[in-house]
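Here's the structure, in structure tokens; my notes come after.
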Amino acid sequence: GLAAARCGGGMLKLFLCIGVLALCVFLAFLLTRKYKQRRDFYYNFSLFNERLLNEVSYARAPLPEFIGKYRFGGDFGKMLEEKRVGGFRCENYAFSYLKENERKYLADYFGMIGKSDAASQKTYLAAQRAEVEEQRRRAEEAYKKHFALYLKLGVLAGLILVILIV
């Protein structure tokens, strides 16, 4: 009977340790969420800029029609849909992972597109390409760096707690 009780207690400790480790890794994933959202936002923004530049250069469809033609993911896609439905009067750039200067940049960017002739639009979008691509690259690097860091910290914290439990 005593050996069975010890075995049952050992199994409980094992499940507790696995649960604690899994919880710490899950919390690490949660901490990387804003970096992932930021990376996805700038990926879609870069894709939008490239597609719009091509559209202005060749097809010249109106902006609402252009936005309806392509699908963009995440918060960027939701923001574009709000803009399309709201007649481009929507100025909601309040994403928690964007800094104030980035919100202002978005307001300026969307304030400029669709407002002038095709040649001016093409020049403007081509000039913005490098800035948008740089932001996308920085967001990607930050995500990779923080993802690795938080994952390692999560595993390490979980292992420390497991050692304390055992």
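- Listed by chain and number, the residues in a side chain to side chain contact (heavy atoms under 4.5 Å, CB included) with Glu141 are Arg137 (sequence neighbours excluded).
- Here OH of Tyr124 is found 8.5 Å from CG of Asn49. Values are rounded to the nearest 0.5 Å.
- In terms of heavy atoms, Lys122 sits closest to Leu53 at O-CD1, 3.5 Å.
- Proximity of a side-chain donor or acceptor of Ser46 to a complementary backbone N or O of Tyr43 within less than 3.5 Å is not detected.
- A distance of 14.0 Å separates OG of Ser120 from CD1 of Ile113, quoted to the nearest 0.5 Å.
- Both Val56 and Met112 are part of a single hydrophobic cluster, where members link through side-chain heavy atoms under 4.5 Å apart.
- Between Tyr42 and Tyr97, the gap from one ring centroid to the other reaches at least 6.0 Å.
- The line from CG of Leu27 to OG1 of Thr32 is 11.0 Å long, rounded to the nearest 0.5 Å.
- Under the 3.5 Å distance criterion, the side-chain polar atoms of Thr123 are matched with a main-chain donor or acceptor of Ala119.
- Residues Leu16 and Leu161 fall within the same hydrophobic cluster, defined by Ile, Leu, Val, Met, Phe, Trp and Tyr side chains chained together at heavy-atom separations under 4.5 Å.
- If you chain together hydrophobic residues whose side chains sit under 4.5 Å apart, Leu21 and Leu31 fall into the same group.
- A salt bridge is defined here as a Lys NZ or Arg NE, NH1 or NH2 lying under 4.0 Å from an Asp or Glu carboxylate O, and Arg38 with Glu102 meets this definition.
- Residues Phe76 and Asp40 are not in side-chain contact: their nearest non-hydrogen atoms beyond the backbone lie 4.5 Å or more apart.
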> Yes or no on side chain to side chain contact (heavy atoms under 4.5 Å, CB included) for Phe95 and Met79, after CA distance, side-chain angles and deciding distance?
Replying inline: CA-CA 10 Å; Phe95 301 111; Met79 179 192 71; 4.0 Å; yes
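- The line from CG of Asp75 to CZ of Phe45 is 14.0 Å long, rounded to the nearest 0.5 Å.
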Counting only pairs under 3.5 Å, give me each side-chain donor-acceptor contact of residues 142-156, with atom names and distances, residues two or more places apart or in other chains.
residue	atom	partner	partner atom	Å
His146	ND1	Ala142	O	2.8
His146	NE2	Tyr35	OH	3.4

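- Residues Leu164 and Val20 fall within the same hydrophobic cluster, defined by Ile, Leu, Val, Met, Phe, Trp and Tyr side chains chained together at heavy-atom separations under 4.5 Å.
- Between Phe72 and Phe66, the angle of the ring planes lies from 30° to 60°, which puts this pair in the tilted group.
- The hydrophobic clustering, which links ILVMFWY residues whose side-chain heavy atoms are closer than 4.5 Å, places Ile67 and Tyr70 together.
- Remark: side-chain polar atoms of Arg136 are not paired, donor with acceptor, to backbone N or O of Arg39 under 3.5 angstrom.
- Look at Glu82 and Lys78 and you find no salt bridge, because none of the NZ, NE, NH1 or NH2 atoms lies under 4.0 Å from a carboxylate O.
- Here NZ of Lys36 is found 12.5 Å from CG of Leu30. Values are rounded to the nearest 0.5 Å.
- Taken to the nearest 0.5 Å, the CZ atom of Arg138 stands 11.5 Å off from the CD atom of Glu133.
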> Checking side chain to side chain contact (heavy atoms under 4.5 Å, CB included) for the pair Leu106/Leu98: CA distance, chi angles, key distance, verdict?
Replying inline: CA-CA 10 Å; Leu106 282 172; Leu98 293 180; 3.6 Å; yes
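- Shortest non-hydrogen contact noted between Cys24 and Ala157 is SG-C, 4.1 Å.
- Side-chain contact, Tyr105 with Glu100: no donor N or O sits under 3.5 Å from an acceptor N or O.
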